[in-house]
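Have a look at the structure below, then the notes.
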Amino acid sequence: MDVVDINSLSRSVLWATLAITFVLGAVMQKTGFCTMGAVSDVFIMSSWGRLKQWFLAIGIAIMGFTLMSYFGLIDPLKSFYTGNKFLWLSSIVGSVLFGFGMVLASGCGSKTLVRIGGGNLKSIIVFMVLGLTAYMTMRGFLGVIRINTLDTFFIAFSTPQDLPSLLSGPLGMARANLHLALGLIIGFAFITYALVSKAFWTAENLIAGIGVGLAICAVWWVSGNLGYVAEDPNTLEEVFLVTNSGRMEGLSFVAPYAYSLDWLMMYSDTSKVLTVGIVAVIGMILGSAVVALFTKTFRWESFRNTEDTVNHLFGAALMGFGGVTALGCTVGQGLSGISTLALGSLLALPGFIFGAYLGMRYLQFRLAPNPCN
């Protein structure tokens, strides 16, 4: 394959990513899909609808990733989620901080993009602070702190850290067959939990859960199949085109914030090119904006007061640090990572929920009347 073909294929990957995330942004804007909202609905209103949307999306993502892996469309071990180093403390601390931060900032990384498309000025500030903090956590002084503290606590497995790889030896089963079995069972369990109640069977809930789950699968295919080149003519090595990590990438909205800011600020540097993550950010905003304008729900919204401003700034910073530390956000770890059945992702999922719960308790405490007055 010559360079022209590589360039053409790279453009195809980017356009496909833009199309998928455009639809995803539109679906999230129309249905109100939100992981922070899902947790708050349960704890504040005892409403499980949006949490089941999330679980339905998880189930579909797991089954889709499993089937693509089994039939050889993607290599499940090419993702950084399945590395053999299990950063257990980073996963716990990062996910809890991210969950707490997304409550203060009125939504996670994906919701922030959806809110930007709907005219929310607060979310633009969240985007910039989250992206800046994420960059500092990846390559700046916060990264040095992270690497020398939290990341020193890990377990180094002799195999990749996904469940099929860890269990295939002890169970005496071929990894591919065990992955198929575990993926279908766990995915089916999530889907069954979401669909068992007929009250959940509304068009909005089904479109949200199925749409988000399929989008996760689609991006895995685009990055891991369409963008995969077995032998780059320049390096003679395999390559996953236009990814920041150089590996197969799923949807995530923490590191791509940082890369988006870097691309915008260093645009004249020809080494800074569009990637799957950056284009996903653009697609989400555009899809949300189109739906908001079409449904006449677009409206400008700014901070209410000083405390609202502080909450959003602090929450954005926590998401930037926590998301990088946990190797992903509620979409990156809570959907894309979970679909690989990686141990770190399975640990991060309850961390997001617990962090969000702590965040809501904090806001309730702040809003409670002072008994001394």
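- Looking only at distances, a side-chain donor or acceptor of N84 sits under 3.5 Å from a matching main-chain atom of F157.
- Geometric assessment of K52 against the ring of Y193 yields a positive cation-pi assignment under the 6.0 Å and 45° thresholds.
- A salt bridge links K122 to D308: at least one charged side-chain nitrogen sits closer than 4.0 Å to a carboxylate oxygen.
- One N or O on the side chain of R146 and one on the backbone of T137 form a donor-acceptor pair closer than 3.5 Å.
- Between V13 and V276, the closest side-chain pair of non-hydrogen atoms falls below 4.5 Å.
- For the atom pair CH2 (W88) and CZ (F153), the distance works out to 6.5 Å, reported to the nearest 0.5 Å.
- Remark: F294 CZ is loosely packed, at most 12 non-hydrogen atoms of other residues, nucleotides or ligands lying under 6.0 Å away.
- Between H179 and F65, the angle of the ring planes lies from 30° to 60°, which puts this pair in the tilted group.
- With rounding to the nearest 0.5 angstrom, the CG atom of L226 is 8.0 Å from the OG1 atom of T17.
- Between L167 and L182 the shortest side-chain heavy-atom distance falls below 4.5 Å.
- Shown here are the side chain to side chain donor-acceptor pair (under 3.5 Å) partners of T149, two or more places apart in sequence or in another chain: there are none.
- In this structure, M136 CE and L142 CG are separated by 5.0 Å, a value rounded to the nearest 0.5 Å.
- Between the S288 side chain and the V114 main chain, a donor and an acceptor come within less than 3.5 Å of each other.
- Listed by first then second residue, pairs satisfying ring pair (Phe, Tyr, Trp, His ring centres under 6.0 Å) with a partner in residues 307-332 read F303-H312, not counting sequence neighbours.
- Clustering of Ile, Leu, Val, Met, Phe, Trp and Tyr by side-chain heavy atoms under 4.5 Å joins V27 with V23, I207.
- With values rounded to the nearest 0.5 angstrom, I116 atom CD1 is found 12.0 Å from K111 atom NZ.
- Listed by chain and number, the hydrophobic cluster partners of L206 are L56, I60, M63, L67, Y70, F71, L180, L184, I191, L195, F200, W201, I210, L214, where partners are ILVMFWY side chains within reach of under 4.5 Å, directly or through others.
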Checklist entry - Could you walk me through whether E204 and K30 pass the salt bridge (charged side-chain N to carboxylate O under 4.0 Å, His left out) check? => result CA-CA 8 Å; E204 183 176 277; K30 181 62 177 177; over 6 Å; no

Distance-only criterion, 3.5 Å: show the donor-acceptor pairs between side-chain atoms of residues 338-356 and protein atoms not counting sequence neighbours.
residue: S339; atom: OG; partner: W220; partner atom: NE1; Å: 3.0
residue: S339; atom: OG; partner: S336; partner atom: O; Å: 2.5
residue: T340; atom: OG1; partner: G337; partner atom: O; Å: 2.6
residue: T340; atom: OG1; partner: A342; partner atom: N; Å: 3.3
residue: S345; atom: OG; partner: Q333; partner atom: OE1; Å: 2.4
residue: S345; atom: OG; partner: G337; partner atom: O; Å: 3.3

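- Between the T295 side chain and the V291 main chain, a donor and an acceptor come within less than 3.5 Å of each other.
- Between S165 and T159, the side chains place no donor N or O within less than 3.5 Å of an acceptor N or O (distance only, hydrogens not considered).
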Sequence neighbours excluded and cut-off under 3.5 Å, please list the side-chain donor-acceptor pairs for residues 257-264, or say none.
residue: Y257; atom: OH; partner: G109; partner atom: O; Å: 2.5
residue: S260; atom: OG; partner: P256; partner atom: O; Å: 2.6
residue: D262; atom: OD2; partner: K272; partner atom: NZ; Å: 3.0

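- The nearest pair of heavy atoms linking L9 to V229 is CD2-CG2, 3.9 Å.
- With rounding to the nearest 0.5 Å, the separation of CG in L130 from CE in M319 is 4.5 Å.
- Between the side chains of S8 and D5, not a single donor N or O lies within less than 3.5 Å of an accepting N or O.
- For the pair S79/E249, no side-chain contact is recorded, criterion being any heavy-atom separation below 4.5 Å from C-beta on.
- The backbone N or O of R247 sits less than 3.5 Å from a side-chain atom of T243, completing a donor-acceptor pair.
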